[in-house]
Structure formats: C-alpha cells, structure tokens
Trainee: 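Quick one: the structure is below, and I'll ask about it shortly.
Position 1 is the first residue of the sequence, and the numbers go up from there.
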Amino acid sequence: MMDVGRRAGVSAQTVSRYFNDGYVSEQARARIEEAVRTLGYVPNRLPVQLRRDRTDSIGVCLFGPLNYGNSSIMTGIYRVARELGQRVLMSHMEPDPQGSTALWDEAVAEIDAMIANRVDAVVVASPYEGLMRMVDHVGGLVPVVVLSEFTDSERDPVGSYSYGFSLRLVEHLIALGHTRILHVAGPSDRIQARGRRRAYETALKEAGLEPLPVVECEEWDAVSAARVAETVDPSSFTAVFAGNDDLALGFMSVMRARGVVAPRDYVIAGFDDRPQARFFEPPLTTAHIDFEKIGETAIRTAVTRAAGEPASTGQWLVPGEIMLRESTEGF
C-alpha cells in the first residue's frame with residue numbers, strides 16, 4: 001500500500017480505503033489503479049475472506065469423460081458463476097472413484113482440498129452410483145448439489161431427464177409402426193445409461209411389445225458403437241434407439257458399410273442433440289437437452305443454499321424437445 005501510495009501521490013490509508021471499498025475520490029481512484037497496473041500488484045483477498053463467513057467460491061467436482069453434455073454443463077456453470085460474482089474451484093476425474101481404493105482416496109483428497117479452501121458449497125456431477133459415498137463424505141460441512149439424475153430433490157435439483165425424453169423418443173418410434181426396436185445403450189455403470197434403458201423397456205412394455213436384447217457399448221463414443229454394430233444382425237430390427245448421438249453415428253457408419261442404410265432400411269434416433277447431429281447423414285432425430293441450463297441451475301442452487309436461503313422445493317424441469325429429422329422419416 002505504501003508503494004502504491006507513493007506512486008499515486010496519495011497516503012497508504014487512501015490506498016487501504018480503495019482496496020476495502022471505502023470512499024476514494026475519482027481522481028485518486030484513477031491514480032491508484034494506474035499505480036497498481038504499473039507496479040504489477042495483485043490484491044490478496046485471503047485476509048478479507050478469512051474475516052467473512054463466505055468466500056464467494058463454489059467447488060465443482062466432475063467425474064466421468066468430458067463429453068458434449070458435461071462440457072456444456074460446465075459452460076453454464078462458469079457463465080452464471082461470473083454473473084453472480086462467484087469463483088469456481090474445478091476438479092475433474094475421469095474414472096469412477098469407486099473403481100479402486102487409490103482413485104477413491106484421490107477423489108476424497110480433491111474434495112477435502114476444496115473444503116480446506118473454504119468453498120461455500122460443492123457441486124458434484126457424476127454418472128456413477130458411487131457418487132453418494134462422496135456426498136456422504138462431505139456430510140454437513142458445506143451444502144452439496146448433485147448432478148446425477150437422482151430422484152432425491154433435496155440434493156439433485158435436476159432429476160431424471162434421461163428417462164423422460166428417452167420415453168418420448170421410443171414412443172415416437174413405436175408410433176411410426178415399428179415393433180422390432182433395438183437399443184444401442186451406453187455403459188451400464190452410468191446412471192444416465194440405465195435411465196435410458198429403463199425408458200426403452202417401459203415404452204415397449206406399455207405398447208405390448210417385446211424388447212430386443214440390448215446392445216451395450218463400453219463408452220459413450222462412436223468407436224464403441226461401431227464395434228458392437230459389427231455383431232448385430234441387420235434383419236433383427238427395423239428401428240434403433242441409440243443412447244446418445246455419438247453412439248448413433250458409430251452405429252450408422254458401420255451399418256452403411258454393411259449395405260444397410262438409414263432411413264431406407266431402418267430408422268434411428270439418438271440423444272443429446274449435439275450441434276453436429278443435424279449434419280449427420282441422414283440428419284439425426286434426437287432429444288435436445290439444454291445442458292448449459294442444467295449447469296446454470298446447479299450453480300444458482302449452490303449459491304442459494306450457501307447463503308442459507310431456502311432452495312426451491314421439488315425438482316426443476318430440464319428444458320428440452322424432441323428434434324424430428326430425416327433419420328426417422330424412412331419406410
């Protein structure tokens with residue numbers, strides 16, 4: 001403060017008032033800001049934070065691959081955090097922390113480091129069931145917001161959007177007259193994949209139809225779907241519900257190489273409506289999910305709970321719609 005004051009031609013007390021949001025004349029403020037820039041100083045906010053109950057920071061722990069959905073959720077989180085004046089402490093782990101003791105210890109260490117940095121709340125986004133063990137570890141130290149499609153509205157404000165939109169997609173395929181509908185599913189250890197599979201089975205059961213054996217992929221990517229497509233009998237189905245757009249892409253690509261082309265020989269629907277989906281060949285019918293809005297909701301809920309304010313009861317309806325395109329306009 002003395003260095004800045006000497007360069008700006010003001011007292012150290014005036015510099016102190018400037019940094020603590022006290023009254024400083026516009027002329028003095030401009031000189032202080034110029035001195036700070038010239039000297040290359042960055043204010044140390046830690047002492048101020050230590051005197052306050054809150055730090056205006058939210059921890060975000062993201063588990064699982066950085067696919068389209070997760071990346072879009074993070075975009076929403078960062079955008080609203082900036083709007084609300086919040087700092088985001090981000091941690092990402094790709095494998096399931098329940099997979100080994102070492103991974104679990106690493107995940108716990110990440111969470112503990114965030115709490116040690118006095119975050120006001122933690123957002124945990126994970127496709128794995130073992131997530132709840134992580135939530136229980138945090139306990140009541142800070143508020144926790146979960147993004148994992150749980151039905152627990154106290155912790156997960158978003159709920160199971162996968163199930164609802166998947167149900168509508170499969171019902172659309174049934175309404176087109178298809179009775180042999182194949183499900184190309186995501187990995188069964190992911191909560192979203194199980195929700196989409198459950199919707200597939202429910203829709204067929206309610207229509208009085210028998211589900212075909214589910215084709216499960218190792219990961220949510222086109223490569224995994226391409227592998228399983230090599231093993232599928234093209235004569236066994238006339239419609240396909242793919243667990244996401246990437247799975248649809250990999251499946252269609254291999255089927256085309258085998259001489260089976262959508263929508264001429266079968267129809268197919270995906271999930272996510274990633275930006276490239278309308279440029280697939282054919283353009284893909286899919287469920288458009290506003291993932292950025294999910295991230296926005298998570299950070300707003302975390303900030304509300306951190307402030308001790310009552311969060312809205314019940315789960316929030318995720319915006320989305322079914323995008324009908326050429327891939328389901330076949331025979």
Trainee: Which atoms form the tightest heavy-atom contact between Leu247 and Cys217, and what is the distance?
Mentor: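 Smallest heavy-atom distance, with atoms named: CD2-SG, 3.9 Å.
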
Trainee: Say you draw a straight line from CG of Leu284 to OG1 of Thr328; how long is it, rounded to the nearest 0.5 Å?
Mentor: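 Rounded to the nearest 0.5 Å, the CG-OG1 separation comes out at 8.5 Å.
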
Trainee: Which heavy-atom pair separates Phe291 from Ser72 by the least distance, and what is that distance?
Mentor: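 Here Phe291 and Ser72 meet closest at CB-CB, 3.5 Å.
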
Trainee: Do NZ/NE/NH1/NH2 and the carboxylate oxygens of Arg227 and Glu219 come within less than 4.0 Å?
Mentor: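 A salt bridge is absent here (no side-chain N lies under 4.0 Å from a carboxylate O).
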
Trainee: Kindly give the heavy-atom pair with the smallest separation between Gln86 and Asp56, and that separation in Å.
Mentor: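 For Gln86 and Asp56, the tightest heavy-atom pair comes out as OE1-C, 3.2 Å.
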
Trainee: CZ of Arg278: more than 12 outside heavy atoms within 6.0 angstrom?
Mentor: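 It does not: Arg278 CZ has 12 such atoms or fewer within range.
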
Trainee: Within this structure, what is the CZ-CD distance for the pair Arg31 and Glu26, rounded to the nearest 0.5 Å?
Mentor: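 These two atoms lie 11.5 Å from each other.
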
Trainee: Quick one about Thr38 and Glu34 (side-chain donor to acceptor, distance below 3.5 Å, no hydrogens or angles considered), yes or no?
Mentor: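 There is such a pair (donor and acceptor under 3.5 Å, judged by atom type) between the side chains of Glu34 and Thr38.
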
Trainee: Can a donor-acceptor pair be found, under 3.5 Å and without considering hydrogens, that links the side chain of Thr55 to the backbone of Arg118?
Mentor: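 Side chain of Thr55 to backbone of Arg118: a pair is present.
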
Trainee: Can you check whether Asn70 reaches His92 side chain to side chain, under 4.5 Å on heavy atoms?
Mentor: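 No, side chains not in contact.
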
Trainee: Rounded to the nearest 0.5 Å, how far apart are CD of Glu110 and CE of Met93?
Mentor: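 Here the interatomic distance stands at 7.0 Å.
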
Trainee: Thinking salt bridges, do Arg197 and Glu201 make one under a 4.0 Å N-O criterion?
Mentor: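 A salt bridge links Arg197 with Glu201.
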
Trainee: Show, in sequence, the C-alpha distance, side-chain angles and deciding distance for Ile294 and Ile289, and conclude whether the side chain to side chain contact (heavy atoms under 4.5 Å, CB included) test is met.
Mentor: CA-CA 9 Å; Ile294 292 173; Ile289 306 298; 4.2 Å; yes

Trainee: Are Val108 and Val144 grouped together when hydrophobic residues (ILVMFWY) are joined by side-chain heavy atoms under 4.5 angstrom apart?
Mentor: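 Yes, one cluster joins them.
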
Trainee: So with a 6.0 Å cut-off around CD of Glu218, is the heavy-atom count from everything else above 12?
Mentor: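 No, not enclosed.
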
Trainee: Out of curiosity, does Val214 fall in the hydrophobic cluster containing Tyr163 (side-chain heavy atoms, cut-off under 4.5 Å, transitive links)?
Mentor: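 Hydrophobic grouping puts Tyr163 apart from Val214.
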
Trainee: Under 6.0 Å from the CZ atom of Arg29, do we count more than 12 heavy atoms belonging to anything else shown?
Mentor: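 More than 12 heavy atoms, drawn from other residues, nucleotides or ligands, come within 6.0 Å of this atom.
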
Trainee: May I ask you to decide if Ile58's main-chain N or O and Asp120's side chain share a donor-acceptor pair within less than 3.5 Å?
Mentor: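 Side chain of Asp120 to backbone of Ile58: no pair is present.
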
Trainee: Report yes or no: do Leu147 and Met74 belong to one cluster of Ile/Leu/Val/Met/Phe/Trp/Tyr joined by side chain heavy-atom distances under 4.5 Å?
Mentor: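 Yes, one cluster joins them.
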
Trainee: To the nearest 0.5 angstrom, please state how far the CE atom of Met114 sits from the SG atom of Cys61.
Mentor: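 Rounded to the nearest 0.5 Å, the CE-SG separation comes to 4.0 Å.
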
Trainee: Compare all side-chain heavy atoms of Tyr128 with those of Asp189 and state whether any distance is below 4.5 angstrom.
Mentor: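 Answer yes - side chains close enough.
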
Trainee: If we ignore hydrogens and angles and just use 3.5 Å, is the side chain of Ser327 paired with the main-chain N or O of Ile268 as donor and acceptor?
Mentor: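 Flag set: sc Ser327 to bb Ile268 pair under 3.5 Å.
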
Trainee: Distance only, no hydrogens: is a donor on one side chain within 3.5 Å (strictly under) of an acceptor on the other, for Tyr41 and Asp3?
Mentor: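 Judged by distance alone, the side chains do pair up.
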
Trainee: Using side chain to side chain contact (heavy atoms under 4.5 Å, CB included), reason through Phe237 and His183 one step at a time and then give a plain yes or no.
Mentor: CA-CA 10 Å; Phe237 64 90; His183 181 33; over 6 Å; no

Trainee: Given 3.5 Å as the limit, does a donor-acceptor pair link the side chain of Thr304 with the main chain of Arg300, or not?
Mentor: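 Yes: the side chain of Thr304 pairs with the backbone of Arg300.
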
Trainee: Before you tell me yes or no, could you show the steps for Arg194 and Arg198 under side chain to side chain contact (heavy atoms under 4.5 Å, CB included), namely the whole-Å CA-CA distance, both residues' side-chain angles and the distance that decides it to 0.1 Å?
Mentor: CA-CA 6 Å; Arg194 293 204 293 274; Arg198 183 165 56 89; over 6 Å; no

Trainee: Are Val254 and Phe280 linked, directly or through intermediate hydrophobic residues, by side-chain heavy-atom contacts shorter than 4.5 Å (ILVMFWY only)?
Mentor: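 No; tracing contacts between hydrophobic side chains, which count when under 4.5 Å, never links both residues.
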
Trainee: Between Tyr200 and Phe271, is the ring centroid distance below 6.0 Å?
Mentor: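 No, ring centres 6.0 Å or more apart.
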
Trainee: When you group the ILVMFWY residues by side-chain heavy-atom contacts below 4.5 Å and let the links chain together, are Ile299 and Tyr78 in the same group?
Mentor: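 Yes, same cluster.
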
Trainee: Would Arg196 and Phe241 count as a cation-pi pair here, with the cationic atom under 6.0 angstrom from the ring centre and within 45° of the axis?
Mentor: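 The answer is no, since Arg196 fails at least one limit relative to Phe241.
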
Trainee: Under the 3.5 angstrom rule, does the side chain of Thr285 hit a backbone N or O of Arg325 as a donor-acceptor pair?
Mentor: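 Indeed, once roles are kept as given, a pair shorter than 3.5 Å links the two residues.
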
Trainee: Between Arg274 and Gln276, is the side-chain hydrogen bond (donor to acceptor under 3.5 Å, both in side chains) condition met? List the steps.
Mentor: CA-CA 6 Å; Arg274 59 182 304 137; Gln276 299 90 336; 3.0 Å; yes

Trainee: Looking just at side-chain N and O atoms, do Arg17 and Thr14 make a donor-acceptor pair shorter than 3.5 Å?
Mentor: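 Their side chains do contain a donor-acceptor pair, which is all the 3.5 Å distance test asks for.
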
Trainee: Looking at every non-hydrogen atom in both residues, tell me the closest pair between Ala277 and Asp273 and how far apart they are.
Mentor: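 Looking at all heavy atoms of both residues, the closest pair is CB-OD1, 3.9 Å.
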
Trainee: Keeping Asn117 on the side-chain end and Val119 on the backbone end, is there a donor-acceptor pair under 3.5 Å?
Mentor: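 No, Asn117 side chain to Val119 backbone: no donor-acceptor pair under 3.5 Å.
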
Trainee: Drop me the distance from Arg180's CZ to Glu210's CD, to the nearest 0.5 angstrom.
Mentor: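 Arg180 CZ to Glu210 CD: 14.0 Å, rounded to 0.5 Å.
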
Trainee: Surrounding CE of Met90 (heavy atoms of other residues, nucleotides or ligands, distance under 6.0 Å), is the total greater than 12?
Mentor: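 Counting neighbours around CE of Met90, more than 12 heavy atoms of other residues, nucleotides or ligands fall under 6.0 Å, so yes.
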
Trainee: Salt bridge between Lys293 and Glu296, side-chain N to carboxylate O under 4.0 Å?
Mentor: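 Answer for the salt bridge query: yes.
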
Trainee: So, do Pro234 and Met255 sit near enough that their side-chain heavy atoms are less than 4.5 Å apart?
Mentor: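 In contact.
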
Trainee: Please report the interatomic distance CE(Met323) to CG(Leu169), rounded to the nearest 0.5 Å.
Mentor: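 Met323 CE to Leu169 CG: 11.5 Å, rounded to 0.5 Å.
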
Trainee: With heavy-atom distances below 4.5 Å as the criterion, would you say the side chains of Gln192 and Ser166 are in contact?
Mentor: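 With C-beta onward as the side chain, the pair stays apart.
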
Trainee: Which heavy atom of Arg87 sits nearest a heavy atom of Leu89, and at what distance?
Mentor: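 The answer is NH1-CD1, 3.5 Å.
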
Trainee: For Ile322 and Phe165, work out which heavy atoms get closest and say how close.
Mentor: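 Residues Ile322 and Phe165, closest heavy atoms: CD1-O, 3.9 Å.
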
Trainee: Side chain to side chain contact (heavy atoms under 4.5 Å, CB included) between Val10 and Tyr18: does it pass, once the steps are laid out?
Mentor: CA-CA 11 Å; Val10 300; Tyr18 166 83; over 6 Å; no

Trainee: Does this structure show an ion pair linking Glu171 with Arg168, if we count only N-O contacts that are shorter than 4.0 Å?
Mentor: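 No, Glu171 and Arg168 are not salt-bridged.
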
Trainee: Any donor-acceptor pair under 3.5 Å linking the side chain of Thr231 with the backbone of Val228?
Mentor: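 Flag set: sc Thr231 to bb Val228 pair under 3.5 Å.
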
Trainee: Are any non-hydrogen side-chain atoms of Pro263 and Glu329 less than 4.5 angstrom apart?
Mentor: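 The answer is no, as the side chains (C-beta and beyond) never meet within the 4.5 Å cut-off.
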
